[in-house]
Structure formats: C-alpha cells, structure tokens
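For reference, positions follow the sequence shown, starting with 1.
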Amino acid sequence: ITNNMIQNHSQVGIILQGAVSANIGVNSASDSVASPNTIRNNGDGILLSGAAQANIIGNTIRNNLNNGILLNRGAQANIARNTINANAGDGIAVLEGAGANLGGTSENTFGGILPLLGFTNNTTSNNGLFGIACGVGAYIAGNLGSLDGNSGAVGVIFDTTCNFTN
C-alpha cells in the first residue's frame with residue numbers, strides 16, 4: 001500500500017484483520033526508499049488485529065480521531081520512519097498480545113516479518129494521550145524514537161504485563 005492519501009473515513013483508514021500481511025509505505029521491508037502514504041482524519045489511522053502482520057514504514061499519520069496506529073489481539077508489525085502526530089488517542093498503541101518492532105538495533109522477529117536493523121526511529125508528537133502505549137500482554141522491541149510534545153503525562157505508558165526490549 002503505497003503513495004496514497006487515505007483520509008476522512010469514520011472508522012479506520014487502513015485495516016488488516018486475520019491472517020493477512022501487507023507493506024504500508026514500502027513495497028518490501030528491504031526498500032531503502034519509502035513510497036509514503038498520508039493517513040489522516042480517520043477514526044484510527046491504521047488498525048492491525050488478529051494474526052495480521054505489516055511493515056509500516058515512512059508514512060505520515062496524523063489528525064485521526066483515535067489512535068495513529070493500533071495493534072491488538074496478537075497482530076505484529078515493524079514500525080519505522082513514520083511521523084505520527086496530532087492524533088486524539090495514542091500515537092502507537094500496542095495492546096492485547098500484539099507485538100511491535102520499532103527499528104533500531106533490535107533483532108527480534110515476529111512470525112515471518114524481519115527486524116528493521118538500522119532503520120531510523122518514529123517521531124510521535126502532540127498526540128492526545130501517549131506517544132507509545134503498551135499493555136495487556138503486548139510486546140515492544142527497539143528504540144522508542146522521538147516522543148516530544150505529547151499531551152499525556154509521559155511519552156510512554158506500560159501496563160505491567162507489557163514486555164519491552166530496547
């Protein structure tokens with residue numbers, strides 16, 4: 001899913017549910033140049049649920065009514081080089097047994113998707129809740145990136161059941 005303007009959907013801009021996979025912003029995880037999407041003014045910007053897997057790289061995700069990116073119910077994603085700002089909820093929310101690799105030096109893999117070694121970090125700013133939220137058995141690996149300017153009390157909130165590896 002590349003080079004699109006995805007906007008003004010009342011529910012979700014991009015949704016992947018079940019045993020599906022996609023590249024969002026690149027043609028493959030090994031692309032050195034993104035073909036970014038602008039995802040704005042939706043309910044949630046991107047939602048992955050169930051066994052869905054994705055590489056979410058190089059997109060602008062902003063001004064959504066809920067979360068910029070929401071992973072839940074076991075979904076897994078590589079998330080890197082995105083600008084995620086001014087969403088009413090969390091910039092990135094990883095919940096309910098989901099997993100996210102945020103790039104950097106982490107060598108963790110999720111299912112069939114490869115780690116993003118050496119990819120630059122995400123920027124999450126001015127979101128209504130937190131830059132990155134993790135909870136309910138979820139997993140986050142990699143560098144947190146820039147969390148400057150969030151409206152929440154802290155940039156990252158972790159549930160006691162969240163696993164974080166830097």
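- In this structure, Leu102 and Ile140 have side chains that are in contact, with non-hydrogen atoms separated by less than 4.5 Å.
- Formation of a donor-acceptor pair under 3.5 Å by the Asn67 side chain with backbone atoms of Asp90 is found in this model.
- Residue Asn72 comes nearest to Ser49 through the heavy atom pair OD1-OG, 2.9 Å, listed as atom of the first residue, atom of the second, then distance.
- Heavy atoms of other residues, nucleotides or ligands lying less than 6.0 angstrom from CD of Gln7 number more than 12.
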(request) For Asn126 and Asn85, run side-chain hydrogen bond (donor to acceptor under 3.5 Å, both in side chains): C-alpha distance rounded to whole Å, both residues' side-chain angles, the deciding distance at 0.1 Å, then the answer. (result) CA-CA 6 Å; Asn126 298 317; Asn85 62 2; over 6 Å; no
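- Defined by atom type and a distance below 3.5 Å, a donor-acceptor pair is present between the side-chain atoms of Asn64 and Asn42.
- Here OG1 of Thr83 is found 10.0 Å from CZ of Arg62. Values are rounded to the nearest 0.5 Å.
- Atom CG of Leu48 is separated from atom CD1 of Ile14 by 9.5 Å, given to the nearest 0.5 angstrom.
- In this structure, Asn63 contributes its side chain and Asn87 its backbone to no donor-acceptor pair below 3.5 Å.
- Atom CZ of Arg73 and atom CG of Leu47 lie 8.5 Å apart (nearest 0.5 Å).
- Met5 and Ile46 are not part of a single hydrophobic cluster, where members link through side-chain heavy atoms under 4.5 Å apart.
- Distance check, rounded to the nearest 0.5 Å: CZ of Arg40 to CD1 of Ile6 gives 11.5 Å.
- Side-chain atoms of Asn82 come within 3.5 Å of backbone N or O of Gly58 as a donor-acceptor pair.
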(message) Test side-chain contact (heavy atoms from CB on, under 4.5 Å) on Asn55 and Ile24; report intermediate values, then the result.
(response) CA-CA 6 Å; Asn55 293 302; Ile24 301 171; over 6 Å; no
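- Between the side chain of Asn23 and the backbone N or O of Asn27 there is at least one donor-acceptor pair closer than 3.5 Å.
- Put simply, the side chain of Leu70 reaches to within 4.5 Å of the side chain of Leu95, judged on heavy atoms.
- Side-chain atoms of Ile79 and Ile92, non-hydrogen and from C-beta on, do get closer than 4.5 Å to each other.
- A pairwise comparison of heavy atoms in Ala52 and Leu16 identifies CB-O, 3.5 Å as the closest pair.
- If you take CG on Asn127 and CD1 on Ile61, they are separated by 10.0 Å, rounding to the nearest 0.5 Å.
- Among all heavy-atom pairs drawn from Gly91 and Ile84, the shortest one is O-CG2, 3.4 Å.
- Separating the OG1 atom in Thr38 from the CG atom in Asn41 is a distance of 11.0 Å, to the nearest 0.5 Å.
- Between Asn3 and Pro36 there is a side-chain heavy-atom pair separated by less than 4.5 Å.
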